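First the structure, in the form of structure tokens, and then the observations on it.
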Amino acid sequence: MEKIAYIMDSSCFLSEKEVRDMDIFYIPLHVVIEGQDFLEGKNLDKDLLLEAIRDKKTITTSQPSPGEILELIKDIKAKGYTCGIFSSIGTGLSKTLDSAIAISATEDFKLYPLDSGSVGNAQTLPLLKVRDLIENKGYDIENALAYVKSDIEQSYTLLLPDDLFHLSRGGRITSAAAALGSMLKIKPILTLVVADGGKIDVIEKVRTAKKAYKKMAELALKDCDVSTHKIIVAHFAGEDKAEELKNELLKINKDLEIDIHELTTVIGVHTGLDSVGVQVCRK
């Protein structure tokens with residue numbers, strides 16, 4: 001009988017302790033500030049990062065190193081696990097999942113990919129459902145993964161950056177588009193395209209933040225069945241913005257249960273301070 005290891009990376013909106021308390025293995029992504037390497041969720045001081053972003057210091061992000069992935073695989077094998085399921089940040093945002101699959105093969109360890117096409121709850125909830133289907137409902141691994149694929153396809157994430165500088169610096173949009181957007185005070189509402197591994201696309205453009213929050217709420221709830229989906233508002237150092245977006249959602253449906261989370265720092269580095277988003281995830 002297979003002994004399955006369940007794995008997530010640090011883009012899941014949870015700390016290492018929270019993930020480990022759920023009996024899930026954890027591997028951090030990297031944030032590099034002026035050449036100094038930090039591990040997300042482990043030794044990255046939030047205040048240091050926020051100051052670096054405000055000062056527009058050189059900040060980059062990267063996937064775990066091959067050595068770190070190899071060390072995790074060896075640790076999992078040493079604990080007696082015969083295979084693993086890895087729910088990762090979307091492959092359109094990072095090559096973490098691809099690297100993990102390739103490295104696990106060199107160790108003769110079967111690692112099943114679960115591409116969230118996103119971050120946060122969109123990668124946590126499917127993994128928890130896969131585990132429940134396998135451990136409590138008698139599904140095999142392949143069928144459990146196939147079952148949650150539709151859950152992932154029915155989940156979506158919308159993002160609203162406060163400005164376009166960080167997306168431009170990270171190559172998500174051109175510097176010319178960022179400059180034009182800033183001059184015209186355009187607020188782009190972005191979406192992570194699940195079918196494309198979570199690559200960022202513009203879904204709407206509005207002229208003011210107030211209109212943007214209203215439009216985001218409308219888009220998020222347009223075709224949403226709240227009995228089957230979980231609503232999460234996320235922000236990066238923008239608690240007041242998150243509350244404003246939450247209030248717009250409640251104007252549409254006052255009975256909504258809405259959780260508020262901090263955006264993962266790897267995403268926040270690219271969207272910038274005061275960025276806010278909403279996730280609608282299949283329960």
Side-chain angles (χ1 to χ4, degrees), residues 1-29 40-42 64 72-73 75-76 79-91 93-94 96-97 100-101 104 109-157 192 194 197-198 220 224-234 256-264 266-267 277-283:
M1 184 175 179
E2 299 277 23
K3 184 179 180 182
I4 306 167
Y6 298 91
I7 310 161
M8 286 196 299
D9 60 51
S10 60
S11 61
C12 60
F13 290 178
L14 301 172
S15 69
E16 179 179 22
K17 182 181 184 306
E18 289 172 317
V19 171
R20 293 194 182 278
D21 285 348
M22 296 163 66
D23 198 25
I24 294 173
F25 288 91
Y26 177 95
I27 187 164
L29 279 71
E40 182 179 41
K42 289 177 72 74
L72 175 65
I73 298 299
D75 178 53
I76 289 172
K79 288 180 168 65
Y81 292 91
T82 57
C83 64
I85 300 173
F86 186 14
S87 182
S88 77
I89 182 173
T91 51
L93 298 169
S94 170
T96 299
L97 183 59
I101 297 299
S104 65
F109 183 77
K110 179 64 175 178
L111 191 62
Y112 293 88
L114 182 55
D115 183 1
S116 71
S118 188
V119 294
N121 287 270
Q123 71 183 94
T124 303
L125 293 175
L127 185 64
L128 294 177
K129 181 173 279 191
V130 163
R131 182 164 68 179
D132 178 61
L133 290 171
I134 293 171
E135 296 183 357
N136 299 320
K137 296 183 171 62
Y139 280 63
D140 62 27
I141 295 174
E142 297 285 359
N143 286 333
L145 290 171
Y147 187 99
V148 302
K149 183 178 179 182
S150 64
D151 286 359
I152 292 172
E153 291 170 348
Q154 293 178 57
S155 301
Y156 44 97
T157 301
L192 301 185
V194 172
C224 175
D225 181 349
V226 295
S227 68
T228 59
H229 287 72
K230 184 178 180 67
I231 312 295
I232 305 99
V233 169
L256 286 177
E257 293 184 10
I258 303 172
D259 293 340
I260 295 181
H261 288 275
E262 185 103 26
L263 273 172
T264 173
V266 165
I267 298 299
V278 58
Q279 282 195 315
V280 181
C281 300
R282 178 84 179 183
K283 294 178 182 177

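Predicted model, so just to flag it, every value in this text is computed and none were measured.
- Two residues are said to be in side-chain contact when any heavy atoms from C-beta on lie closer than 4.5 Å; Ile152 and Leu114 meet this criterion.
- One distance of note links CD1 of Ile24 with CG of Leu128; it measures 5.0 Å at 0.5 Å rounding.
- If you take OG1 on Thr96 and CE on Met8, they are separated by 14.0 Å, rounding to the nearest 0.5 Å.
- Atom CD of Gln123 sits about 8.5 Å away from atom OG1 of Thr264, to the nearest 0.5 Å.
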Step by step, work out the side chain to side chain contact (heavy atoms under 4.5 Å, CB included) result for Asn143 and Leu133.
CA-CA 9 Å; Asn143 286 333; Leu133 290 171; over 6 Å; no
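- Partners of Phe25 under the ring pair (Phe, Tyr, Trp, His ring centres under 6.0 Å) rule, at least two apart in sequence or in another chain, are Tyr81.
- Shown here for Lys283 and Lys129, the closest heavy-atom pair between the two residues is O-NZ, 2.7 Å.
- Side-chain atoms of Asp151 do not come within 3.5 Å of backbone N or O of Pro126 as any donor-acceptor pair.
- Scanning all heavy atoms of the two residues, the minimum distance from Tyr6 to Leu127 falls at CD2-CD1, 3.8 Å.
- Looking only at distances, no side-chain donor or acceptor of Glu16 sits under 3.5 Å from a matching main-chain atom of Gly41.
- Surrounding OH of Tyr147 are at most 12 heavy atoms belonging to other residues, nucleotides or ligands under 6.0 Å away.
- Considering every non-hydrogen atom in both Leu192 and Gly117, the closest pair reads CB-O, 4.1 Å.
- The number of heavy atoms from other shown groups lying within 6.0 Å of NZ (Lys3) is above 12.
- In this structure, Ser155 contributes its side chain and Arg282 its backbone to a donor-acceptor pair below 3.5 Å.
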Starting from the C-alpha separation in whole Å, work towards a yes-or-no answer on side chain to side chain contact (heavy atoms under 4.5 Å, CB included) for Ile134 and Ile85.
CA-CA 11 Å; Ile134 293 171; Ile85 300 173; 3.9 Å; yes
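- For the atom pair CD1 of Ile7 and CD1 of Ile76, the computed distance is 3.5 Å after rounding to the nearest 0.5 Å.
- Here the CD1-CZ distance, from Ile101 to Phe86, works out to 8.0 Å after rounding to the nearest 0.5 Å.
- Lys137 places no side-chain N or O within donor-acceptor distance of the main-chain N or O of Ala144, the cut-off being under 3.5 Å.
- Proximity of a side-chain donor or acceptor of Ser10 to a complementary backbone N or O of Leu29 within less than 3.5 Å is detected.
- Of the candidates Ile89, Leu111, Asp115, Asp115 is the only one forming a side-chain contact (heavy atoms from CB on, under 4.5 Å) with Leu97.
- Considering Gln279, Glu18, Glu262 as possible partners of Phe13, the one that fulfils the side-chain contact (heavy atoms from CB on, under 4.5 Å) test is Gln279.
- Looking at Ser118 and Thr157, their side chains do bring a donor and an acceptor atom within 3.5 Å of each other.
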Using side chain to side chain contact (heavy atoms under 4.5 Å, CB included), reason through Thr124 and Cys12 one step at a time and then give a plain yes or no.
CA-CA 6 Å; Thr124 303; Cys12 60; 3.5 Å; yes
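- No side-chain donor-acceptor contact under 3.5 Å links Ser94 to the backbone of Thr91.
- Of all non-hydrogen atoms in Lys42 and Tyr26, the two that sit nearest each other are CG-CE2, 4.3 Å.
- Partners of Lys110 under the salt bridge (charged side-chain N to carboxylate O under 4.0 Å, His left out) rule, at least two apart in sequence or in another chain, do not exist in this structure.
- Leu145 contributes atom CG, which lies 9.0 Å from atom CG of Asp140 (distance to the nearest 0.5 angstrom).
- Of all heavy-atom pairs between Ala122 and Ser116, the closest is O-CB, 3.5 Å.
- Between Leu125 and Cys281, the shortest heavy-atom distance links the atoms CD1-CB, 3.7 Å.
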